[in-house]
Novice: 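Quick one: structure below, then a few questions.
All values derive from a computational prediction rather than experimental measurement.
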Amino acid sequence: MLGAFKKESFGFHTRAVHTGNDVDKETGAVKRPITMANSYELPYDPTNMNWSSAEGNLYTRNGGANQKYLQERLVSLEGGEDCIVLASGVAALSGLFFSLLKAGDHVVFSSVTYIAVYRLLNELFNEKFGVETTIVDTTDLDAVKAAIRPNTKLIHIETPGNPTISVTDISALAAIAHKNDALLSVDNTFASPYNQRPIELGADFTIESLTKYINGHGDAMGGAIIGKKAHLDIIRAQAQVNLGGTISPFNAWLIMRGSVTLPLRMKQHNENALKIAKWLEERPGVSFVSYPGLESHPQHEIALRQMAPGFGGVLTFGLKADHETHNRFVSHLRVITNAVSLGHDASLIVFLGENDERQHLYPERFHNGFFRFSVGIEDADDLIEDLRQALDKVGL
């Protein structure tokens, strides 16, 4: 049954339900069980085995059963050749960089990136391993072209970007990278494979924080890299087997369970976020709203081309108010929770103040502090009412 559901002739919803799942041969259960073993039975004569191999079941650091089932599903949903699942999104990102880069290589990466990427590439890989890096506004294709050097090995982007929700043209960046013998990696966490599949747009790697939309329930951590098998074999050996960034069987099972409803949840996230973004744009006390589904978004036309059927569940907005008023506004919210992360079933909001170390890289409208709002799957009208009453209480 597994092989059948890898085929692209089946729709996204069907593959989200069936790929990687099968009837358990021992019990007849219609769902794969959690295989919590950390070691597997060896053959009669193991002396010729490669103890660092990720093939077969040997030791869970080398790869376990639940991890492999989840990888099968993600390959199908993302449109790649192979997948490796690791312990977190940051483990996936650092594993990709560690496995592909060496001293003297050069990386171009987006000025709007997750804080761990900023530190990995701007500080750790640069200072510890001699990897050269250049930060660029990757929405500006000419700036990317100008930043490329003869030793450029990788261009890394996020789209939509965290936290400003900027949008980068994946197809155009892929063409630029490949023309210069470089690879393109895309952090797709804010979009999910339901809305956007970077490999189909020419990227070499898709990275997902499985913790977010693909799990969707706020109760497990994981990360994934999807790409060509030749590259993934290297990453699997180095980042998983030798560095040990392996996902636990339980987290792999939880994410497998959560991914079944990904298309249903994303439909609601998309619809809610667009409705709320439009509502916020009309509020006089709101200074700006950044969401790719709005015509006011500077990369709206690019988002229309590469994001379908929706624009994701994360938006940012600012208030015409001082620092303290932003915090008081959050304190009045009753449905929306003041917490980090995104992609949960519940709505989450976080105030990003003026002291962010990356603030100088963002457009000016973000410099006075702003909210990153991960819109959940609650009723949109309830979320709007929660925002309205909190704005009213702070006089906005």
Side-chain angles (χ1 to χ4, degrees), residues 1-3 6 19-29 31-78 80-102 116 120 124 129 205-211 214-215 219-259:
M1 186 176 77
L2 280 178
K6 290 182 182 178
T19 310
N21 189 48
D22 205 346
V23 174
D24 181 52
K25 297 297 188 291
E26 182 175 351
T27 65
K31 290 287 184 183
R32 295 282 198 185
I34 307 172
T35 303
M36 291 296 290
N38 61 19
S39 186
Y40 294 82
E41 184 180 29
L42 295 172
Y44 171 74
D45 183 359
T47 56
N48 291 323
M49 290 186 65
N50 177 0
W51 301 107
S52 295
S53 173
E55 299 297 324
N57 290 328
L58 170 65
Y59 183 58
T60 299
R61 178 166 52 81
N62 299 51
N66 294 103
Q67 174 188 357
K68 291 172 182 176
Y69 304 148
L70 178 57
Q71 287 169 174
E72 289 173 1
R73 178 164 295 173
L74 293 173
V75 165
S76 177
L77 298 183
E78 298 277 3
E81 279 184 14
D82 197 7
C83 172
I84 177 171
V85 174
L86 295 169
S88 68
V90 172
L93 288 160
S94 58
L96 175 76
F97 302 149
F98 179 85
S99 303
L100 291 182
L101 302 173
K102 65 182 186 302
L120 281 167
L124 298 178
F129 304 119
F205 302 100
T206 296
I207 299 93
E208 299 276 4
S209 174
L210 303 174
T211 311
I214 291 174
N215 177 53
D219 55 8
M221 294 188 73
I225 310 165
I226 301 92
K228 288 186 170 62
K229 187 177 187 305
H231 291 131
L232 269 291
D233 283 345
I234 297 169
I235 298 168
R236 184 173 284 110
Q238 295 188 17
Q240 178 176 301
V241 178
N242 292 319
L243 287 184
T246 314
I247 194 171
S248 75
F250 187 44
N251 277 340
W253 183 88
L254 283 171
I255 294 166
M256 185 82 165
R257 173 221 57 184
S259 65

Novice: Can you see which heavy atom on Ala92 is nearest to which on Ile207, and at what distance?
Specialist: CB-CG2, 4.1 Å
Novice: May I ask you to decide if Asn62's main-chain N or O and Arg236's side chain share a donor-acceptor pair within less than 3.5 Å?
Specialist: no
Novice: A side-chain contact here means heavy atoms from C-beta on lying under 4.5 Å apart; do Val241 and Arg61 qualify?
Specialist: yes
Novice: For Thr211 and Gly222, work out which heavy atoms get closest and say how close.
Specialist: OG1-N, 3.1 Å
Novice: Look at the side chain of Thr60 and the backbone N and O of Ala37, then say whether any donor-acceptor pair between them is shorter than 3.5 Å.
Specialist: yes
Novice: Going from CE on Met256 to NZ on Lys31, what distance comes out if it is rounded to the nearest 0.5 angstrom?
Specialist: 7.5 Å
Novice: Where does the angle between the aromatic ring planes of Phe98 and Phe129 fall among parallel (under 30°), tilted (30 to 60°) and perpendicular (over 60°)?
Specialist: perpendicular
Novice: Rounded to the nearest 0.5 Å, how far apart are CD of Gln71 and CD1 of Ile225?
Specialist: 10.0 Å
Novice: In Å and rounded to the nearest 0.5 Å, what is the CG to CG distance from Leu101 to Leu96?
Specialist: 7.5 Å
Novice: Ignoring hydrogens and angles, tell me if any N or O in the side chain of Gln67 forms a donor-acceptor pair with the backbone of Val85 under 3.5 Å.
Specialist: yes
Novice: Would you say the side-chain atoms of Ser209 pair up with the backbone N or O of Gly223, donor to acceptor, closer than 3.5 Å?
Specialist: no
Novice: Could you grab the distance from atom OG of Ser248 to atom CD1 of Ile255, nearest 0.5 Å is fine?
Specialist: 8.0 Å
Novice: Is there a side-chain contact between Pro33 and Thr27 (heavy atoms, below 4.5 Å)?
Specialist: no
Novice: Looking at every heavy atom in both Glu72 and Gly20, which two are closest together, and how far apart are they?
Specialist: OE1-CA, 3.4 Å
Novice: So, for Pro43 and Pro46, which heavy atoms are closest and what is the spacing to 0.1 Å?
Specialist: O-CD, 3.8 Å
Novice: May I ask you to test the Ile247-Asn66 pair for a side-chain heavy-atom distance under 4.5 Å?
Specialist: no
Novice: So for atom OH, which belongs to Tyr40, do other residues, nucleotides or ligands contribute more than 12 heavy atoms lying within a distance under 6.0 Å?
Specialist: yes
Novice: Less than 4.5 Å apart, any side-chain heavy atom of Leu124 and any of Phe97?
Specialist: no
Novice: Taking the side chain as everything from C-beta on, heavy atoms only, tell me whether Ile226 gets closer than 4.5 Å to Glu81.
Specialist: no
Novice: Once you round to the nearest 0.5 Å, how far does CG of Leu70 lie from CG of Leu254?
Specialist: 10.5 Å
Novice: Determine, step by step, whether Asn215 and Leu210 satisfy the side chain to side chain contact (heavy atoms under 4.5 Å, CB included) criterion, reporting the C-alpha distance in whole Å, the side-chain angles of both residues, the deciding distance to 0.1 Å, and the verdict.
Specialist: CA-CA 6 Å; Asn215 177 53; Leu210 303 174; 5.5 Å; no
Novice: Between the main-chain N or O of Leu86 and the side-chain N or O of Gln240, is there a donor-acceptor pair closer than 3.5 Å?
Specialist: no
Novice: Within the structure provided, determine whether Glu78 and Cys83 are in side-chain contact (heavy-atom separation under 4.5 Å).
Specialist: no
Novice: Which heavy-atom pair separates Ile235 from Gly95 by the least distance, and what is that distance?
Specialist: CG2-O, 4.1 Å
Novice: Start with the C-alpha distance between Lys68 and Asn57, add both sets of side-chain angles, then the distance that settles side chain to side chain contact (heavy atoms under 4.5 Å, CB included), and finish with yes or no.
Specialist: CA-CA 10 Å; Lys68 291 172 182 176; Asn57 290 328; 3.0 Å; yes
Novice: Within the structure provided, determine whether Glu208 and Leu77 are in side-chain contact (heavy-atom separation under 4.5 Å).
Specialist: no
Novice: For Asn21 and Arg32, which heavy atoms make the closest approach, and how far apart are they?
Specialist: OD1-N, 3.1 Å
Novice: For the pair Trp253 (side chain) and Thr35 (backbone), establish whether a donor and an acceptor sit closer than 3.5 Å, ignoring hydrogens and angles.
Specialist: no
